[in-house]
Amino acid sequence: MRRRTMLGFGATALVAAGAGIAVRDYRQMLDAARTAIAAAGPPRQASSRFGPQEYAEAGQGPPVLVIHGTGGGYDQGLLFAHRLIAGGFRIIAPSRFGYLGTPFPADPGPEAQADALADLLDALDLPSVAVIGGSAGAIPALALALRHPARVRALVPLVPATYVPGRPAPPPQGPVAGWIIAHGLRSDVLVWAGIRAAERRMIATLLATDPQLVDAAAPDEQARVRAILHGILPVSLKYQGLLNDARWAAAPPDFPLAAIAAPTLAISAEDDRFGTAAAARHIARSVPGAELMMLPSGGHVWVGRDAAIMDRIAAFLGTVG
C-alpha cells in the first residue's frame, strides 16, 4: 500500500511538473509574440471616419502602404516589407479592422476598409502611395484602387485571396469547423497548443504551405515563416479581424478589375494551397497592362522566394515613379 501511495504521489508530481512546464511555455510564447509586436515599431493612431486607425512606419524613401493578411496587424506588414525598408522605401503598415489596436466598426467590409485607408493617407498628408496587399489584405487593396484611384500610385496584390471566376462557393461549415472558427480563433491557448503539438500541420493549414519547403529552406527563411506563424498570437487581440477575413476570403467580391488604372503587379506561387495562383492570374488578365509574377513553388508565404519577390517589387515600384 505504501508503495502504491508513493507511486501515486510520484505520478501526480510528474503530471503537475508537466503542467507547470506547459504553462511556462505558453506564457513565454505569448510574451514573445507581444514583444515581437512591440519591437516591430511603436504603433501610432490616426483618426478615420470609423474611429482610430492603428499604424506603424519604418524606413525612408518613397511611401508604400503595406496591408497585412489574415492573422496579422501592423507588425505583419512590417515583417513582410523588411527588405523594402532596407532597400530605401518608407513603409506604412496599418492594422485593419479588428486587429490589435484598430476597433471593429459596424461596417467592416472591403469598401469601408478602403475608406479607412484613404483617411489614414489624409492624416499622413500623402496624396498617393504604392500599395501592397497581402493575402486577405489584397481585397481592401483592390477596393482602395477602385474607390480612391488617385491615391494609388501602384498596386501589388501579393498571394491575393481574391475572386476567381467559376470557383464554387465553399460548402457550409460543419459543427466542428463552426466551433473552431467561433472559439478557436479567439483562444490564445488553443493556438499555442496547435503550434507546439502540430507545427507542421499548422504551417500546412493556416499558412497553406508545404512544410517540406520550410524544412529545406535556409535558416533565415525558416525563421521568417515561424515569425509569421507565431505572429498569429495573441489571437485574442485579432479574432474579430480573423472572423471578418474568413467571411470575405470565402466569398470575395467580384470587383470590376478593368476599371483599375494603377500600374499593377500580381504575385503568387503555383503551389499556394489557398489557390491564389488563379486569383493572381485573373487580376493580371483583367487589369489593363498588369504584370504577373508566378513562382513555381513557395506556398502562401513564398518560402525561399522572399528576396526574389521583394527585388521584383522594388524594381516594379521604381518604374512607376
Side-chain angles (χ1 to χ4, degrees), residues 23-46 52-61 63-103 117 120 123-124 129 132-137 158 186-189 191-192 194-196 199 202-203 206-207 209 214 217-242 245 300-303 306-307 309-310 313-314:
V23 169
R24 285 196 298 273
D25 184 76
Y26 164 69
R27 289 175 176 168
Q28 288 171 358
M29 185 180 288
L30 203 60
D31 288 345
R34 292 187 173 122
T35 299
I37 292 171
R44 307 173 188 178
Q45 294 281 349
Q53 170 85 63
E54 181 184 64
Y55 72 99
E57 291 190 64
Q60 296 181 343
V64 182
L65 182 70
V66 179
I67 307 171
H68 68 82
T70 300
Y74 73 85
D75 56 314
Q76 189 190 84
L78 294 178
L79 174 62
F80 283 177
H82 74 281
R83 293 182 189 272
L84 297 178
I85 296 168
F89 290 90
R90 173 189 175 190
I91 301 301
I92 300 135
S95 297
R96 295 190 287 113
F97 293 154
Y99 284 101
L100 298 178
T102 298
L117 294 170
L120 174 59
L124 295 174
V129 294
I132 301 172
S135 190
L158 175 59
R186 67 182 67 190
S187 171
D188 293 328
V189 171
V191 172
W192 160 80
I195 292 173
R196 279 294 182 245
E199 182 185 73
M202 297 282 274
I203 290 171
L206 295 185
L207 302 188
T209 298
V214 183
D220 62 328
E221 276 291 89
Q222 292 185 3
R224 184 180 66 85
V225 172
R226 289 191 171 90
I228 296 170
L229 180 62
H230 290 211
I232 296 171
L233 290 167
V235 74
S236 55
L237 298 181
K238 303 177 179 183
Y239 73 90
Q240 287 182 307
L242 279 159
D245 280 349
H300 192 61
V301 291
W302 57 93
V303 180
D306 191 54
I309 284 177
M310 294 305 154
I313 291 175

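Just so it is clear, the values below take in all heavy atoms, side chains as well, and ignore hydrogens, waters and symmetry mates.
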* For the side chain of R90 and the backbone of E57, is there at least one donor-acceptor N/O pair under 3.5 Å apart? -> no
* Are the side chains of I92 and Y74 in touch, meaning some heavy atoms are under 4.5 Å apart? -> no
* To do: Working to the nearest 0.5 Å, report the span between NE2 of H82 and CD1 of I85.
  => 8.5 Å
* To do: Could you tell me whether the side chain of W192 reaches within less than 4.5 Å of the side chain of L30, counting heavy atoms only?
  => no
* Asked: Which heavy-atom pair separates D306 from E221 by the least distance, and what is that distance?
  -> CB-OE1, 3.6 Å
* Measure the CG-CE distance between D188 and M29 for me, rounded to the nearest 0.5 Å. => 11.0 Å
* Got a second to check how far Y55's OH is from L120's CG, nearest 0.5 Å? -> 6.5 Å
* Asked: Counting only N and O atoms by type, is there a donor-acceptor contact under 3.5 Å from the side chain of Q53 to the main-chain atoms of S95?
  -> yes
* Asked: Which distance, rounded to the nearest 0.5 Å, do you find between the CD1 of I309 and the CG of L158?
  -> 5.5 Å
* What is the distance from atom CG of L237 to atom CG of L242, rounded to the nearest 0.5 Å? -> 11.0 Å
* Would you say the side chain of V66 lies within less than 4.5 Å of the side chain of L78, judging by non-hydrogen atoms? -> no
* Asked: Do other residues, nucleotides or ligands put more than 12 heavy atoms under 6.0 Å from the CD atom of Q60?
  -> no
* Is it true that a side-chain atom of H230 and a backbone atom of A33 form a donor plus acceptor pair closer than 3.5 Å? -> no
* Separation between CD of E199 and CG of L207, rounded to the nearest 0.5 Å -> 9.5 Å
